[in-house]
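Data block below; observations after.
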Amino acid sequence: MQGNSSKTILVIDDTPEFVGFVKALLEDNGFNVITASNGVEGIEQLKKQTPDLISLDLVMPEKSGIKFFREIRTNREWSKIPVIIVTGHARDSLGKTDFKKLFEGRTISGPETYLEKPIEPEDYIRAIKRILKVD
């Protein structure tokens with residue numbers, strides 16, 4: 001454990017295997033982790049606890065990542081939470097349009113960065129540490 005235990009990450013993704021993988025990875029690197037399987041659950045988790053960062057998938061049932069992202073960016077309490085997009089659909093028909101909306105010509109503050117699945121564990125942790133300014 002590397003001393004990031006005061007930092008909490010909310011992981012929102014509808015793939016249980018991915019959630020389990022990144023939860024273990026984050027915990028092994030000293031982070032606290034809360035999870036949600038879609039944007040609706042993500043909002044419920046935010047109502048309980050404000051995380052230091054959100055790891056967000058784009059394509060999910062019930063409330064997509066982009067709908068979730070837009071909702072939190074219009075909420076005063078949640079609008080400043082850094083978001084990292086982690087998706088396997090940045091270039092395909094399922095997520096390409098949403099992805100472009102987030103990063104091109106945006107009118108709301110966009111996500112800090114994105115990673116494409118499958119992710120490299122070192123890149124994921126490095127990106128989170130950089131955004132949160134922790135070692």
Side-chain angles (χ1 to χ4, degrees):
M1 197 161 301
Q2 300 176 349
N4 299 313
S5 61
S6 64
K7 300 291 185 182
T8 299
I9 313 297
L10 170 57
V11 176
I12 307 174
D13 195 293
D14 63 328
T15 307
E17 298 82 10
F18 181 79
V19 172
F21 166 70
V22 296
K23 184 176 191 297
L25 178 64
L26 289 165
E27 288 174 344
D28 286 350
N29 281 273
F31 294 100
N32 298 312
V33 181
I34 50 180
T35 64
S37 63
N38 60 55
V40 173
E41 288 181 17
I43 295 296
E44 291 305 313
Q45 291 290 11
L46 285 175
K47 289 176 181 177
K48 295 177 193 173
Q49 178 180 359
T50 301
D52 296 289
L53 181 137
I54 298 169
S55 175
L56 180 64
D57 188 14
L58 282 184
V59 179
M60 297 180 290
E62 295 190 52
K63 182 178 283 205
S64 70
I66 192 157
K67 288 179 182 174
F68 171 88
F69 185 81
R70 285 184 177 148
E71 184 171 342
I72 67 166
R73 283 302 188 248
T74 59
N75 179 295
R76 179 180 290 166
E77 183 181 347
W78 302 329
S79 64
K80 301 296 183 201
I81 301 170
V83 175
I84 181 171
I85 301 294
V86 183
T87 185
H89 300 288
R91 301 175 199 274
D92 68 20
S93 61
L94 287 175
K96 189 168 148 179
T97 302
D98 286 347
F99 185 80
K100 284 179 75 170
K101 287 178 187 175
L102 285 175
F103 287 97
E104 295 177 3
R106 54 189 179 217
T107 57
I108 57 175
S109 175
E112 279 56 40
T113 193
Y114 84 97
L115 295 173
E116 288 190 53
K117 293 177 185 175
I119 62 165
E120 290 294 328
E122 300 82 19
D123 293 342
Y124 184 70
I125 294 299
R126 190 178 315 115
I128 288 172
K129 287 181 174 181
R130 178 181 52 80
I131 292 165
L132 293 177
K133 298 176 176 60
V134 296
D135 293 342

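The structure displayed is predicted, hence computed values, not measured ones.
Of all heavy-atom pairs between R73 and I81, the closest is NH1-O, 3.0 Å. A pairwise comparison of heavy atoms in L132 and D52 identifies CD2-O, 3.4 Å as the closest pair. The nearest pair of heavy atoms linking T35 to Q45 is O-NE2, 3.0 Å. Residues K117 and V86 approach most closely at CE-O, 3.6 Å, considering heavy atoms. Taking every heavy atom of both residues into account, T8 and P51 meet most closely at O-CB, 3.5 Å. Taking each heavy atom of G42 and A36 in turn, the nearest pair found is N-CB, 3.4 Å.
Atom NZ of K133 and atom NZ of K7 lie 9.5 Å apart (nearest 0.5 Å). Put simply, OH on Y124 and OG on S55 are 3.0 Å apart, with the number rounded to the nearest 0.5 Å. Interatomic distance, CD1 of I72 versus CG of L10, reported as 8.5 Å (0.5 Å rounding). Summarising the geometry, atom CG belonging to N29 is positioned 9.5 Å from atom CD belonging to E122; distances are rounded to the nearest 0.5 Å. Summarising the geometry, atom CD1 belonging to I12 is positioned 8.5 Å from atom CG belonging to N38; distances are rounded to the nearest 0.5 Å. With values rounded to the nearest 0.5 angstrom, I34 atom CD1 is found 7.0 Å from L46 atom CG.
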Apply side chain to side chain contact (heavy atoms under 4.5 Å, CB included) to the pair F68 and V40, showing each step before the final yes or no. CA-CA 8 Å; F68 171 88; V40 173; over 6 Å; no

Would I9 and N32 count as a side chain to side chain contact (heavy atoms under 4.5 Å, CB included) if you check the C-alpha gap in whole Å, the side-chain angles of each, and the deciding distance to 0.1 Å? CA-CA 6 Å; I9 313 297; N32 298 312; over 6 Å; no

Could you walk me through whether I54 and W78 pass the side chain to side chain contact (heavy atoms under 4.5 Å, CB included) test, one step at a time? CA-CA 10 Å; I54 298 169; W78 302 329; over 6 Å; no

D57 vs I85, side chain to side chain contact (heavy atoms under 4.5 Å, CB included): CA-CA, chis, key distance, verdict: CA-CA 6 Å; D57 188 14; I85 301 294; over 6 Å; no

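Taking a cutoff of 4.0 Å between a charged side-chain nitrogen and a carboxylate oxygen, E41 and K63 do not qualify as a salt bridge.
Looking at heavy atoms from C-beta onward, L26 lies in side-chain contact with I125 at the 4.5 angstrom threshold. Put simply, the side chain of R70 does not reach to within 4.5 Å of the side chain of K67, judged on heavy atoms. Looking at heavy atoms from C-beta onward, P61 lies in side-chain contact with D14 at the 4.5 angstrom threshold. Residues P121 and F21 have side chains in contact (heavy-atom distance under 4.5 Å, counting atoms from C-beta outward).
For K23, the salt bridge (Lys or Arg N to Asp or Glu O under 4.0 Å) test picks out E27, with sequence neighbours left out. Listed by chain and number, the residues in a side chain to side chain contact (heavy atoms under 4.5 Å, CB included) with E17 are T15 (sequence neighbours excluded).
Side-chain atoms of D123 do not come within 3.5 Å of backbone N or O of I119 as any donor-acceptor pair. Put simply, the side chain of D13 never gets that close to the backbone of V19: no donor and acceptor are under 3.5 Å apart. Under the 3.5 Å distance criterion, the side-chain polar atoms of E62 are left unmatched by any main-chain donor or acceptor of G39.
Tested against F31 for a side-chain contact (heavy atoms from CB on, under 4.5 Å), the candidates L25, I128, V11 yield a single pass: I128. Of the candidates L56, I131, L53, V83 forms a side-chain contact (heavy atoms from CB on, under 4.5 Å) with just one, namely L56.
Atom NZ of K80 has 12 or fewer heavy atoms from other residues, nucleotides or ligands within 6.0 Å.
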